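Written out below as structure tokens is the structure these notes cover.
Remember, it's a predicted structure, so these values are computed and weren't measured experimentally.
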Amino acid sequence: MRVTPLRNFFLIPENYQHSKSPLVHRFGELTRKIWHARNFKGQVSPHEFLQAVMKASDKKFQIGVQSDPVEFMTWLLNTLHAKLKSSKKKNRSIIHDCFQGELEVVKEVHRKHIMEKREDGGELNGEAGSVVGTADGIVTETSKVPFLMLGLDLPPPPLFKDAMEKNIIPQVPLFNILKKFDGETVTEVVRPSIARMRYRVTRLPKYLILHMRRFTKNNFFVEKNPTLVNFPVKNLELKDYIPLPKPKENHKLRSKYDLIANIVHDGKPGEGCYRVFVQRKSEEAWYEMQDLHVTETLPQMVALSETYMQIYEQHE
């Protein structure tokens, strides 16, 4: 709701009257209720929207059951996009206009892994614009992949306790974990096959969604990485940390972002609870929300928490 173009789009029902999806219409209704000029109550119930979510997701997301915000956000953005895209503008929607960026992905796979795959009768499928090169038994594929959200990996927390018998909670600057997207840092992946990946951002979205990978599932339980991420609430300058594509002529490079929302997880993995920090632009104030509790808070407090997901807005 704090993403201005998205909000403006949903305030005008004519924009999406072609869509048959109840989810789209309930989301629009909720937007109009929240931003209604003559709203005499200070709060709005999202019940109809939640019911539409329950139905559209085949009860994957249910009222009263805590789910993972990253999973929910991914599902919501993809579903809204799918229900909104019109045949005229190939595969475009307000969702993609706001959140979609593009990555260049370079994937290095060892020959023997490919051979194993071939024997299974599997194919090698490249994304759009795939370039395949081979050298010394290593196959390199380059592809352009759109994204709505960037997943950042946290460094593993220390295994040993310090002298005080407490685990020190490590801290990492956001810029360190953003290096994953500088086009040089190698990320090792195991699924679907063992490969070395390098990612480079080739197009920045107007609204950048970042997600810190705090939870890892192993065969027995879910583990949570407690590492704190230090990030600026204002003026995150991306070009200082990752190489960005040159802007087109007469365009200036827009690489500065301000945080507008931050989701935090407190407590143990698998339980615990989520809090949301949201900025109200009109008064430059930050609010902390948890279910029905809303309190005003300081920007410094936003940056102190175990952040899980963030939305940044590009400077005009």
Side-chain angles (χ1 to χ4, degrees), residues 1-11 26-50 53 61 63-77 80 94-95 98-99 148-149 152 171 174 205-212 214 226 228-236 256-267 271-316:
M1 293 290 157
R2 297 278 151 196
V3 174
T4 319
L6 186 73
R7 178 197 71 192
N8 295 349
F9 175 89
F10 276 101
L11 284 177
R26 296 289 165 272
F27 187 73
E29 253 167 46
L30 181 60
T31 310
R32 293 198 301 280
K33 276 185 194 167
I34 290 178
W35 295 96
H36 200 291
R38 291 188 296 283
N39 201 350
F40 61 94
K41 280 206 302 220
Q43 71 276 349
V44 165
S45 161
H47 192 77
E48 294 85 356
F49 169 65
L50 292 180
V53 165
F61 301 106
I63 297 177
V65 181
Q66 181 165 290
S67 302
D68 184 291
V70 172
E71 278 173 26
F72 174 65
M73 193 71 165
T74 311
W75 173 85
L76 184 65
L77 292 181
L80 286 176
I94 183 70
I95 303 292
C98 292
F99 300 109
L148 290 174
M149 201 183 276
L152 302 172
Q171 299 196 11
L174 178 63
K206 284 185 196 138
Y207 289 84
L208 179 67
I209 305 181
L210 299 179
H211 140 227
M212 320 297 159
R214 282 202 181 278
L228 293 176
V229 179
N230 300 327
F231 56 89
V233 173
K234 276 210 159 342
N235 299 326
L236 166 67
K256 253 191 188 172
Y257 285 82
D258 287 343
L259 189 71
I260 55 168
N262 185 28
I263 301 180
V264 172
H265 180 265
D266 300 313
E271 12 175 328
C273 54
Y274 292 100
R275 286 180 296 147
V276 187
F277 291 99
V278 173
Q279 189 197 29
R280 251 185 99 171
K281 272 236 189 70
S282 52
E283 48 193 42
E284 286 273 319
W286 280 89
Y287 289 86
E288 178 188 327
M289 295 189 282
Q290 188 175 3
D291 297 332
L292 296 173
H293 305 285
V294 179
T295 45
E296 197 172 330
T297 183
L298 296 165
Q300 301 85 292
M301 296 305 292
V302 181
L304 279 177
S305 44
E306 292 179 50
T307 175
Y308 184 45
M309 186 173 139
Q310 301 181 321
I311 305 181
Y312 283 92
E313 178 178 47
Q314 199 174 45
H315 282 203
E316 282 304 313

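In this structure, CG on Leu210 lies 6.0 Å from OH on Tyr312, to the nearest 0.5 angstrom. Distance check, rounded to the nearest 0.5 Å: OG1 of Thr31 to NZ of Lys33 gives 10.5 Å. Interatomic distance, His265 NE2 to Met309 CE, rounded to the nearest 0.5 Å: 14.5 Å. Atom CD1 of Ile95 sits about 8.0 Å away from atom CG of Leu148, to the nearest 0.5 Å. Within the model, atoms SG of Cys98 and CG of Leu6 stand 5.0 Å from one another, a figure rounded to the nearest 0.5 Å.
Here the side chains of Gln310 and Leu259 are in contact, with some heavy-atom distance below 4.5 Å. Between Tyr207 and Pro5 there is a side-chain heavy-atom pair separated by less than 4.5 Å. No side-chain heavy atom of Ile263 sits less than 4.5 Å from a side-chain heavy atom of Met212. Between Leu30 and Val44 there is a side-chain heavy-atom pair separated by less than 4.5 Å. Looking at Val53 and Trp75, their side chains come closer than 4.5 Å, going by heavy atoms from C-beta outward. Counting only heavy atoms from C-beta outward, the side chains of Val264 and Tyr274 never approach each other to under 4.5 Å. In this structure the side chain of Val3 reaches within 4.5 angstrom of the side chain of Ile260, judged on heavy atoms. Side-chain contact between Leu77 and Ile209: present, with at least one pair of heavy atoms (C-beta onward) separated by less than 4.5 Å.
Judged by the 6.0 Å and 45° rule, Arg280 forms no cation-pi pair with Trp286.
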Please tabulate, for side-chain N and O atoms in residues 287-297, each donor-acceptor pair with protein atoms closer than 3.5 Å (sequence neighbours left out).
| unit_1 | atom_1 | unit_2 | atom_2 | d |
| --- | --- | --- | --- | --- |
| Tyr287 | OH | Glu283 | OE2 | 2.6 |
| Glu288 | OE2 | Arg275 | NH1 | 3.1 |

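Remark: Gln279 engages no residue in a side-chain hydrogen bond (donor to acceptor under 3.5 Å, both in side chains) (not counting sequence neighbours). Qualifying ring pair (Phe, Tyr, Trp, His ring centres under 6.0 Å) partners for Phe72, counting only residues two or more places apart in sequence or in other chains: Phe61. Legend: residues meeting side chain to side chain contact (heavy atoms under 4.5 Å, CB included) with Leu228, ordered by chain and number and at least two apart, are Ile169, Gln171, Glu306. In this structure, the side-chain hydrogen bond (donor to acceptor under 3.5 Å, both in side chains) partners of Gln314, at least two apart in sequence or on a different chain, are Tyr257. Partners of Phe27 according to the ring pair (Phe, Tyr, Trp, His ring centres under 6.0 Å) rule, which considers only residues two or more places apart in sequence or in another chain, are Phe10, Phe49. Scanning for side chain to side chain contact (heavy atoms under 4.5 Å, CB included) contacts around Ala303 gives Phe231, Val233, with sequence neighbours left out. With sequence neighbours left out, Ile63 forms a side chain to side chain contact (heavy atoms under 4.5 Å, CB included) with His47, Leu50, Gln51, Met54. Under the rule for a side-chain hydrogen bond (donor to acceptor under 3.5 Å, both in side chains), the partners of Lys281 that lie at least two apart in sequence or sit in another chain are Glu313. Residues passing the ring pair (Phe, Tyr, Trp, His ring centres under 6.0 Å) test with His211 are Tyr308, sequence neighbours excluded. Take Asp258 and apply the side-chain hydrogen bond (donor to acceptor under 3.5 Å, both in side chains) test, not counting sequence neighbours, and it matches His315.
Formation of a donor-acceptor pair under 3.5 Å by the Arg214 side chain with backbone atoms of Thr307 is found in this model.
The number of heavy-atom neighbours closer than 6.0 Å to CE of Met1, taken from other residues, nucleotides and ligands shown, is above 12.
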### Query
Given the rule in the salt bridge (charged side-chain N to carboxylate O under 4.0 Å, His left out) test, do Glu284 and Lys234 qualify, once you have shown the distances and angles that lead to the verdict?
CA-CA 11 Å; Glu284 286 273 319; Lys234 276 210 159 342; 3.7 Å; yes
